[in-house]
Amino acid sequence: MPISWDRIKHAHESTKQTAADLEQQLIANAASAVKGAEKDLSGTSWWRLASVRRRSRALIGTLVSRAVATARTAVSSATNTGRAEAEKDLRARYVPVTATDTGPIAAAAEREVADKITATAPVAIRSSDRLYSDALSAIIAQPAQSTAHRLRVAQGVLDRLSEAGITGFIDKANRNWNIVSYVEMCTKTIAANAALDAHVHTLSAHGQHLAVIDGAVDCCPVCAPWHGQLVTIDDSAAPAGVQVAGTLDDARAAGVWHPGCRCSVESWDVGDPLPDIPEPDPRLYADRQRLRLLERRVRAGKRVLAAAMTPEAETGARQRIRAHQAEIRAHITATGVKRQRRREQIGRAL
């Protein structure tokens, strides 16, 4: 029986929501400060940056403490899910089940997710500062212009920065990761790895050493070559006469169980028929990726809406959001891919 990723997915949703709440509040906080600063172009405009930073630090402190707590719960729950589903599989095979210690797996995963989320704080503070300082610089560069003109200039800066969102991580290639996407990716990936580790550890501890990689029919090109393949899940050699594609570690090294991966494993015994796993369909994968792109555009539009300082800016942002939502409706009608409205949402006020 493969691992139920749905149970694990729901466990990390509260962590993602906390990050989304924070991001929207930071953007709205910066927009409010910029609008206030436009009315007073004296030196106090830059003084406001200290106030913006204090507010940002308080909000980000809330994120770190709350998100770490929910993320630790998520990965611990995922570890328990992996072990429990392995035990269910063993009982279905009439294998006597004894207690398996997966505590070290959960503890390591909890430390990892806490460290990664905590490390987003200084990056997010700098990103929040930039929302205010860049917009304020644009206003100050237009001192002789009208208030409406200066606000339009500042709004353009805020729109550009808000569309990308608050940065929470900068990778080795110097790419900025939106804080919501990064926190979600970390929590979901670490939780999935903990579930998989607990699952195969439990199977191995009960003498089960073979498994079939079970991928979704719309799995990605990285995972497709391993779809339906038989592997050993530990250092045990494959039984005589049984041909395996490699080990679980080989599959991982090839990229299976990458961030966002939905592949699972299903235990297998000599003499069992191989499970009937449908062949991957590249078209379904492309349809799903197109939907993810459209969802990102809707979320970006909602971040821009959070930064709107004038009724005109708000109206324009809402129009763009509706246009992207219309694209989603057309896409799901044409392809049959399932719409997930929660993926189009951003935060609520903290």
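Just so we're clear, the structure is a prediction, and the values are computed from it rather than from any experiment.
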Between atom [atom1] of [X] and atom [atom2] of [Y], what is the distance when rounded to the nearest 0.5 Å?
X	Y	atom1	atom2	value
I27	L131	CD1	CG	6.5 Å
Q340	R288	CD	CZ	9.5 Å
Q17	E184	CD	CD	11.0 Å
T98	H206	OG1	NE2	3.5 Å
C219	W226	SG	CH2	13.5 Å
Q24	L26	CD	CG	10.5 Å

Check: [Y] and [X] side chains under 4.5 Å, non-hydrogen atoms:
X	Y	result
V244	W268	no
C223	C261	yes
L291	H331	yes
V212	V265	no
L210	D269	no
L63	I179	yes

Connected-component partners of I170 among ILVMFWY, side-chain separation under 4.5 Å: V123

Linked hydrophobic residues, F169 as query - side chain contacts closer than 4.5 Å: W177, Y182, M185

Does the [X] side chain pair with the main chain of [Y], one donor and one acceptor, at a distance under 3.5 Å?
X	Y	value
S128	A124	no
T310	A313	yes
S32	A28	no
S77	T73	no
T335	D287	no
T315	P311	yes
T189	C186	no
S162	G165	no

Using the salt bridge (Lys or Arg N to Asp or Glu O under 4.0 Å) rule, collect all pairs that involve [range], keeping only residues at least two apart or in two chains.
range	answer
residues 102-126	R72-E110
residues 220-235	none
residues 190-211	D197-R252

Qualifying residues under side-chain hydrogen bond (donor to acceptor under 3.5 Å, both in side chains), relative to N176, sequence neighbours excluded: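 side-chain hydrogen bond (donor to acceptor under 3.5 Å, both in side chains) list for N176, sorted by chain: empty.
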
Test side-chain hydrogen bond (donor to acceptor under 3.5 Å, both in side chains) applied to S127 - qualifying residues, sequence neighbours left out: none

side-chain hydrogen bond (donor to acceptor under 3.5 Å, both in side chains): pairs with one or both residues in residues 319-328, sequence neighbours excluded: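 Found H324-E327.
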
Selection residues 289-300 - residue pairs positive for side-chain hydrogen bond (donor to acceptor under 3.5 Å, both in side chains), sequence neighbours left out: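 Qualifying pairs, neighbours excluded: R292-E295, E295-R343.
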
Partner set under side chain to side chain contact (heavy atoms under 4.5 Å, CB included) for V180, not counting sequence neighbours: K16, A19, A20, E23, N178

Non-neighbouring partners of D101 that pass side chain to side chain contact (heavy atoms under 4.5 Å, CB included), sequence neighbours left out: P104

Test log, rule side chain to side chain contact (heavy atoms under 4.5 Å, CB included), inputs E85 and H199: CA-CA 7 Å; E85 297 204 3; H199 191 82; 4.2 Å; yes

Are [X] and [Y] close enough that a side-chain donor and a side-chain acceptor fall under 3.5 Å?
X	Y	answer
T18	R66	no
D214	S264	no
D21	Q25	no

For D281, salt bridge (charged side-chain N to carboxylate O under 4.0 Å, His left out) partners two or more places apart: R283

Charged N-O contact under 4.0 Å between K302 and E344: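 Looking at E344 together with K302, the answer is no, because their closest N to O distance does not fall below 4.0 Å.
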
